4 protein chains.
Amino acid sequence: MIQLADARRIIAAAEKKAAEIGQPMNIAVADAGGNLIAHVRMDNAWLGSVDISIKKAWTSRAFDIATKDLADHSQSGNQFFGIHASNDGKVMIFAGGIPLKQDGKVVGAIGVSGGSGAQDHAVAEAGAAAL
Amino acid sequence: MIQLADARRIIAAAEKKAAEIGQPMNIAVADAGGNLIAHVRMDNAWLGSVDISIKKAWTSRAFDIATKDLADHSQSGNQFFGIHASNDGKVMIFAGGIPLKQDGKVVGAIGVSGGSGAQDHAVAEAGAAAL
Amino acid sequence: MIQLADARRIIAAAEKKAAEIGQPMNIAVADAGGNLIAHVRMDNAWLGSVDISIKKAWTSRAFDIATKDLADHSQSGNQFFGIHASNDGKVMIFAGGIPLKQDGKVVGAIGVSGGSGAQDHAVAEAGAAAL
Amino acid sequence: MIQLADARRIIAAAEKKAAEIGQPMNIAVADAGGNLIAHVRMDNAWLGSVDISIKKAWTSRAFDIATKDLADHSQSGNQFFGIHASNDGKVMIFAGGIPLKQDGKVVGAIGVSGGSGAQDHAVAEAGAAAL
């Protein structure tokens, strides 16, 4: 089970990466129930990304998948097109969410929003590696 | 910080442009927090555009981007497809929203809705130029 | 039918009253369909009152009643208790909304929010008198 | 303007108080626009309080008032009864939210949820004192 101390370590690692690439981010960590443990908005990060970072974390745990991969399945013409209309708007279908695993089991997720899809995903990976 | 007097000057410039092109518009101005300062619906403008104009202003500030550009990123296959499901339906991904800048810093946004995408954007630009 | 020019005259009268009593307000005017025509947030007025002012105007037209009077009917134990759960949260049951009448007919409404209930109602009355 | 570093100092002070009284809490800090800067859920704190802490912070800034005081005004029979139906369900009318002030001006707010009303308010006060 992820504790607040774990979430903070994950966020610190993600922040470090975001600072390295020079892009302020919103970073959120959710637990195994998909519920938010902690969130930070780095100075000058997008206001609209508060919500998105939290929902990317939720989505990654809800479907045990990186939102980058869910994005592929959710484009027009693909098998999950329209999934973003479910769950009262909580499903984010673009890069930045990654499940957090311990011993091969999903125990939570990180969600990052504030830059390009590639940047968000890279920052989320840096955070996930710190678990 | 944008004051009500600034918002009114911006709206007046946008209205002038809308009158010139003969298309009644809804025009909204938001502050640096994305919160509405002022809104007008010109006579005979669409009722459904009240909400859209306010949300275009919010979106432009939330992501510090013209909604015209966000539209490109948000089409199926592109990196932000699905972003319109976030933020409880407040994200508008078509032209008409523009960030308002002072000394290179985003201090608010204007949102315009009532005509074609090109018309909305042109009216928003006229408004933004009046800050 | 109320035009934008009417709404602006109403708002100007309400602003003047708000300035006199020294309480910055949000002021909104809706038409006969309950749809927003114009809104202003005076400098330093509450952010949370943007929504409330717009909804007070809607409520006053929706039920052709001052929200001050609807408040009485909507307290615990009274006949309309619970009405604020209807209409997707748009029903405001405290003072500050007043129907706008022409020749005895309701043609729209004004909604004011930013001070005490008595202040909001007084400012709304000043606005309504300018139609 | 509150920075992330300020929000963290405020949260740390609130957590310390929560630990002292032995009640795990959700703690959120919002900026002058009411937008979330940071949130933590202490280990074993209520899941349902994630949302409440964030909304208490928003409410305190939206109306520049402690939610403890707004609670008084919002009971049946009082002047703001029904205000919780506004702003799409974001208005929290029970103790735990406090505006953050610098030089007498509201620059943001803290929201705390996880215990009794008195506990939430006490933890919020400890956090606010750290600005």
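Every chain is numbered from 1 and lettered A, B, ... according to where its sequence line falls, protein lines coming before strand lines. The model shown is predicted, which means the values in this text are computed figures rather than measured ones.
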Most chain D-contacting option - heavy-atom pairs closer than 4.5 Å, from A:Asn26, A:Val29, A:Asp31, A:Ile54:
A:Asp31
In Å, rounded to the nearest 0.5 Å, how long is the span from CG of A:Leu47 to CD1 of D:Ile37?
10.0 Å
CD-CZ distance between A:Gln3 and D:Arg41, expressed to the nearest 0.5 angstrom
10.0 Å
Region of D:Leu36 that comes under 4.5 Å of a non-hydrogen atom in chain A
both
Heavy-atom cut-off 4.5 Å, strictly under: side chain, backbone, both or neither for A:Ile11 against chain D?
side chain
Chain A contact via D:Val50 - which portion, at a heavy-atom distance below 4.5 Å:
side chain
Sub-4.5 Å side-chain heavy-atom contact between A:Arg8 and D:Val40:
yes
